[in-house]
Asks: 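I have a structure I would like to understand better, so I am pasting it below and will then ask my questions one at a time.
Every value quoted in this text rests on a predicted model; they were computed, and no experiment measured them.
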There are 2 protein chains.
Amino acid sequence: MSRSESSRAQPSQLVGQDAVAVELSAVIVSASPDGPMVLVRQPDAQSPAALPFGPLEPFHRTIEEGLRAWVEELTGYDLGYVEQLYTFGDANRHASARARAGRVLSIGYLALIHEARPRRSQNSNWHSWYRFFPWEDWRNAEPAIMPSIRESIDGWIAEAPRDERKSREERMRLTFGLPDERWNEELVLERYELLYEIGLVPEAHRDGASCWAPREAAIMAADSLHADHRRILATGISRLRGKIKYRPVVFELMPPRFTFLQLQRTVEALAGVELHKPNFRRLVEHQGLVEETGAVTSKTGGRPARLLRFRREILVERPASGIGLPPLRQRSTSRR
Amino acid sequence: MSRSESSRAQPSQLVGQDAVAVELSAVIVSASPDGPMVLVRQPDAQSPAALPFGPLEPFHRTIEEGLRAWVEELTGYDLGYVEQLYTFGDANRHASARARAGRVLSIGYLALIHEARPRRSQNSNWHSWYRFFPWEDWRNAEPAIMPSIRESIDGWIAEAPRDERKSREERMRLTFGLPDERWNEELVLERYELLYEIGLVPEAHRDGASCWAPREAAIMAADSLHADHRRILATGISRLRGKIKYRPVVFELMPPRFTFLQLQRTVEALAGVELHKPNFRRLVEHQGLVEETGAVTSKTGGRPARLLRFRREILVERPASGIGLPPLRQRSTSRR
DNA sequence: TCATATATACTCAATGTTAGTCTAACTGGA
DNA sequence: TCCAGTTAGACTAACATTGAGTATATATGA
């Protein structure tokens with residue numbers, strides 16, 4: 001910080017800095033009967049699995065257009081709904097940044113599509129996102145991996161220096177909700193970051209972060225991804241789990257016609273929690289999010305279900321309406 | 001798009017691209033009795049006013065650290081609460097990008113501070129953010145500038161090609177809430193973008209965008225800012241207005257001790273709408289956001305008010321609790 | 001035909017919200 | 001000293017929303 005203030009603050013001074021590589025990565029989500037899926041590429045057996053990504057090129061008119069172009073080229077998908085997630089730039093979290101001692105900015109995007117269309121590339125595959133975050137699926141019961149996570153975190157808390165112990169306990173309680181707190185499904189990124197810091201995910205060791213846990217402890221069923229792509233994916237899941245509550249984005253994932261239960265199962269799959277059926281129906285009806293097509297389907301097993309369609313008009317009527325998961329509502333804590 | 005897929009998808013390919021300049025800009029907000037303030041710099045009489053900004057440098061360990069360093073150097077403020085807003089990269093919205101035909105990425109951050117501390121730099125000044133967005137302050141009445149905005153937009157709608165007319169009308173209704181819809185205070189960015197597209201803000205002409213309105217129509221009391229800084233500011237206001245509803249961020253702007261009414265006035269100033277006093281008090285009390293200090297103050301005019309302090313514990317108890325402005329609650333639209 | 005599975009409708013208590021009114025405690029000026 | 005003005009703070013009734021449960025309808029398949 002030696003140069004004078006005024007000489008640095010001018011836009012023209014921006015030119016001379018070291019080259020920055022900008023990488024665009026896409027969390028492309030779809031919903032299948034088996035749960036929420038994310039598109040992952042593995043160009044060849046040597047490379048690690050990765051989200052579809054590519055560098056921002058000079059001819060891309062906007063960042064989003066650059067992302068769309070890369071996804072189209074790599075996977076054949078023509079994206080519909082797209083939103084920017086976050087720009088990451090930690091030097092040490094990116095292999096190629098470490099290798100060339102430069103900086104890589106990683107701009108993450110979230111895209112939602114109907115899975116129906118065929119994919120072009122042999123290298124792209126849909127995976128349940130719970131493959132990468134097995135501790136995030138609480139639909140049926142506590143995930144099988146939770147006890148071992150809890151045990152590791154308990155160890156990390158126990159070995160804390162005295163002054164840090166309480167804050168570690170609180171961080172565990174906040175993110176993983178244990179033992180007395182409820183599960184907050186939106187804190188996907190916060191949970192991942194905690195596991196990363198402790199060293200329970202393999203990429204923490206790969207990145208050379210100073211970890212509490214030994215590399216051997218970091219097995220975990222969770223597969224890791226190229227660079228910071230698992231972090232970007234966590235950001236995408238967090239964002240989507242939050243957004244379905246106040247914007248009608250689920251419908252980007254639904255087929256043109258669907259039943260109430262299909263819609264509920266999709267929301268549950270995304271949020272990783274189960275919902276109360278009658279209340280869910282009432283909410284969706286009450287908000288004017290759907291309308292009947294008149295058709296019914298008998299493929300559901302029992303009584304035939306009405307087929308619904310999304311009321312696109314709602315987007316201009318009340319764009320703020322969403323699905324409103326009950327579990328996240330605030331508990332009042334009266335403190336008179 | 002000519003090179004083969006696999007050769008482009010590797011991280012090592014990121015190196016060779018054209019230099020990208022990365023600019024970090026800060027929307028630094030504080031609350032004064034006169035309303036919400038934002039820190040704006042004007043290095044010299046020739047330069048346009050700008051948010052504090054500077055390039056990302058190789059020695060910045062993270063993007064956020066780079067931002068903090070720039071703000072510290074330019075303004076003397078040591079930022080507390082900071083969050084990333086968005087990364088902008090439209091080629092034509094940035095003067096220096098046009099000048100050198102390269103790309104400028106603009107990463108915007110939002111920072112909240114107590115105004116109390118003195119500022120170091122002569123070039124930095126606090127301005128009400130409504131100076132840059134006079135149409136956003138609906139606390140007392142409809143802003144004085146609204147009629148002329150409405151008139152211009154009406155003209156833009158009237159001159160639309162037939163097939164586009166309806167969508168223009170809906171866009172106006174959504175963003176500016178007229179004539180029948182209610183005002184949605186969160187759509188700051190959407191409103192600004194509409195005004196930009198129509199050509200009612202001077203920077204649209206400066207950027208050479210193809211505008212409906214002639215340059216002369218774009219006077220508007222609103223002062224413009226360097227590059228896309230007014231867009232970044234709009235993003236920051238939108239984010240903050242949304243966030244006070246579900247996170248206790250207002251308290252970052254409050255002094256250590258404050259009265260209920262001070263808190264309410266601050267929230268109102270940020271949101272640009274007025275609130276119902278008894279309900280606001282009940283909400284804040286009920287959420288456990290504050291506790292009494294035991295002290296009172298008589299400086300408020302009438303009956304002495306109790307001085308409150310923020311309960312920091314709430315951050316670990318329920319980080320999701322916020323102030324919850326009534327005007328944005330959803331209206332039910334029953335459609336049985 | 002009956003068990004079973006799913007779809008859909010209805011109920012009810014608890015809780016939260018909206019929009020008010022009413023009272024309390026201070027200041028400053030007639 | 002007393003009253004008008006001003007702000008603080010308590011209370012309430014009407015209404016809407018939510019959480020959790022139960023009951024009924026219409027399919028399939030043994």
Asks: Check the angle between the aromatic planes of B:Phe258 and B:Phe251 and answer parallel, tilted or perpendicular using the 30° and 60° thresholds.
Replies: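 The rings of B:Phe258 and B:Phe251 sit tilted, inter-plane angle from 30° to 60°.
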Asks: Thinking salt bridges, do A:Glu252 and A:Lys243 make one under a 4.0 Å N-O criterion?
Replies: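 A:Lys243 and A:Glu252: not salt-bridged.
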Asks: What nitrogen or oxygen pairs link the protein and nucleotides 27-30 of chain C at under 3.5 Å?
Replies:
none

Asks: A:Arg281: which residues meet the salt bridge (Lys or Arg N to Asp or Glu O under 4.0 Å) condition with it, sequence neighbours left out?
Replies: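 For A:Arg281, no residue satisfies salt bridge (Lys or Arg N to Asp or Glu O under 4.0 Å) once neighbours in sequence are set aside.
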Asks: What's the CD-P distance between B:Glu285 and C:dT17, to the nearest Å?
Replies: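 Going from B:Glu285 (CD) to C:dT17 (P), I get 14 Å.
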Asks: Just the rounded figure in Å: distance from P of D:dG9 to NE2 of B:His286.
Replies: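 Those two atoms, NE2 and P, are 18 Å apart.
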Asks: Could you check how far CG of B:Leu261 sits from P of D:dA8, rounded to whole Å?
Replies: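 Nearest whole value for this atom pair: 4 Å.
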Asks: Take the protein atom CD of A:Gln264 and the nucleotide atom P of C:dT6, then report the distance between them rounded to whole Å.
Replies: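 Result: 12 Å.
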Asks: Tell me the interatomic distance from B:Glu274, atom CD, to C:dA19, atom P, rounded to whole angstroms.
Replies: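 Going from CD in B:Glu274 over to P in C:dA19 covers 14 Å.
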Asks: Using a strict cut-off of less than 4.0 Å between a Lys/Arg side-chain nitrogen and an Asp/Glu carboxylate oxygen, indicate whether A:Glu142 and A:Arg150 qualify as a salt bridge.
Replies: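 Salt bridge: yes.
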Asks: Under 4.0 Å between a side-chain N/O of B:Arg281 and OP1 or OP2 of D:dG9, yes or no?
Replies: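 The answer is yes; a side-chain N or O of B:Arg281 sits under 4.0 Å from OP1 or OP2.
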Asks: Over how many whole Å does the gap from B:Phe260 atom CZ to D:dT7 atom P extend?
Replies: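 Nearest whole value for this atom pair: 18 Å.
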Asks: Is the phosphate of C:dA7, meaning OP1 or OP2, less than 4.0 Å from a side-chain N or O of A:Lys277?
Replies: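 Yes, within the criterion.
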Asks: How far apart are the closest heavy atoms of B:Trp129 and B:Leu270, and which atoms are they?
Replies: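 Of all heavy-atom pairs spanning B:Trp129 and B:Leu270, the closest is CZ2-O, 3.4 Å.
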Asks: Can you find a donor-acceptor N/O pair under 3.5 angstrom joining the side chain of B:Arg303 to the base of D:dG5?
Replies: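 Checked by distance alone, the answer is no.
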Asks: Of A:Val267, A:Asn279, A:Val290, which meets side chain to side chain contact (heavy atoms under 4.5 Å, CB included) against A:Val284?
Replies: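 When side chain to side chain contact (heavy atoms under 4.5 Å, CB included) is applied between A:Val284 and each of A:Val267, A:Asn279, A:Val290, only A:Val290 qualifies.
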Asks: When the distance from CG of B:Leu283 to C1' of C:dT17 is rounded to whole Å, what number comes out?
Replies: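 In whole Å, C:dT17 C1' lies 10 Å from B:Leu283 CG.
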Asks: Run the salt bridge (Lys or Arg N to Asp or Glu O under 4.0 Å) test on A:Glu185 and A:Arg241 for me, step by step, so that the C-alpha distance in whole Å, both residues' side-chain angles and the decisive distance to 0.1 Å come before the verdict.
Replies: CA-CA 7 Å; A:Glu185 78 279 353; A:Arg241 283 183 170 182; over 6 Å; no
Asks: Does the side chain of A:Phe132 reach to within under 4.5 Å of the side chain of A:Tyr130, using non-hydrogen atoms?
Replies: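 The answer is no, as the side chains (C-beta and beyond) never meet within the 4.5 Å cut-off.
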Asks: Taking the six-membered ring for Trp, are B:Trp126 and B:Tyr77 closer than 6.0 Å centroid to centroid?
Replies: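 Yes, the ring centres sit under 6.0 Å apart.
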Asks: Could you list the protein-to-nucleotides 20-22 of chain C atom pairs, N/O on both sides, closer than 3.5 Å?
Replies:
unit_1	atom_1	unit_2	atom_2	d
C:dG20	N7	B:His276	NE2	2.8

Asks: Could you tell me how far apart A:Gln262 (CD) and C:dT6 (C1') are, to the nearest whole angstrom?
Replies: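 Between C1' of C:dT6 and CD of A:Gln262: 13 Å.
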Asks: Is B:Arg306 near enough to D:dG9 that one of its side-chain N or O atoms lies under 4.0 angstrom from OP1 or OP2?
Replies: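 Yes, because at least one side-chain N or O of B:Arg306 sits under 4.0 Å from OP1 or OP2 of D:dG9.
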